[in-house]
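The structure appears below as structure tokens.
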Amino acid sequence: GPYKSYHENGQLKQESNWVNDKREGLTKFYHENGQLSSEGNYVNGLLEGPYKSYHENGQLKQESNWVNDKREGLAKFYHENGQLSSEGNYVNSLLEGPYKSYHENGQLKQESNWVNGLLEGPYKSYHENGELGSEGNYVNGKREGLAKFYHENGQLSSEDNYVNGLLEGPYKSYHENGQLKQESNW
């Protein structure tokens, strides 16, 4: 039947319905300040269908879809200021396909590709000012090949080579003014 629990300050914490010791139907959780924290539908104790969660300030934090208690399809996450934080597609709660994340100012933070929950293919990250932060490649979730990292001013910070996720071969790092800082061989 109907169930309610409360925070220590008296604010409603949860309202749900239980059948045979399992959540059934719409369940809502609340922050201590009374703002809605999350809402989702349960079938036989498993999250099913659209799910939303919220920051304490009331801003949307996450919107996703669930099938048999697993995230499925497009999921979007948001910063407290309302800006999109990340978006990606999920299959069986694992990232699958293109993924993007964003800084709080709305600038692109990262773009990558995922296969069965592992990074796969080209990867790029960006500084808050929009400058490229790093670029490289992943195979089965491990760095592979040349990886470059950049200072916020756009200057090359370091160049590394990876084999199966481990540093191998020449390594060079640079000062923000572009001058060589150190070099070695792995």
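Just so you know, these numbers come straight off a predicted model, no measurement behind them.
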Can you give me every donor-acceptor pair (side chain of residues 61-68, partner residue at least two apart or in another chain, under 3.5 Å) with its distance?
| residue | atom | partner | partner atom | Å |
| --- | --- | --- | --- | --- |
| Gln62 | OE1 | Ser64 | OG | 2.8 |
| Gln62 | OE1 | Arg71 | NH2 | 2.9 |
| Glu63 | OE2 | Tyr78 | OH | 2.5 |
| Ser64 | OG | Trp66 | NE1 | 3.0 |

From CD (Glu168) to CD (Glu144), nearest 0.5 Å: 9.0 Å
Ring pair (Phe, Tyr, Trp, His ring centres under 6.0 Å) involving Tyr123 - partner list, sequence neighbours excluded: Tyr138
With Phe149 via side-chain contact (heavy atoms from CB on, under 4.5 Å) - residues at least two apart: Ser134, Arg143, Ala147, Ser157, Ser158, Asp160
Given His151, Glu152, Gln155, the one that forms side chain to side chain contact (heavy atoms under 4.5 Å, CB included) with Glu176: His151
Closest approach of Glu72 to Val91 (non-hydrogen atoms, all atoms of both residues): OE2-CA, 3.5 Å
Least distance between heavy atoms, Tyr174 atom then Leu156 atom: CB-O, 3.2 Å
Approximate separation, where rounding is to 0.5 Å, of Asn41 CG and Leu47 CG: 8.0 Å
Joint cluster assignment, Tyr30 & Leu60, ILVMFWY side-chain distance < 4.5 Å: yes
Under 3.5 Å: donor-acceptor pair, side chain of Asn105, backbone of Gln107: yes
Nearest heavy atoms of Leu132 and His127, plus distance in Å: O-CD2, 3.6 Å
Residue pair Val43, Glu24: steps toward the side chain to side chain contact (heavy atoms under 4.5 Å, CB included) verdict: CA-CA 5 Å; Val43 175; Glu24 191 69 38; 4.2 Å; yes
Over all atoms of both residues, closest heavy-atom pair of Trp186 and Ser184: NE1-OG, 3.8 Å
Separation between NZ of Lys76 and NZ of Lys100, rounded to the nearest 0.5 Å: 11.5 Å
Check: Glu96 side chain, Tyr90 main-chain N or O, donor-acceptor pair, under 3.5 Å: no
Rounded distance [0.5 Å steps], CH2 in Trp114 versus CG in Leu118: 7.5 Å
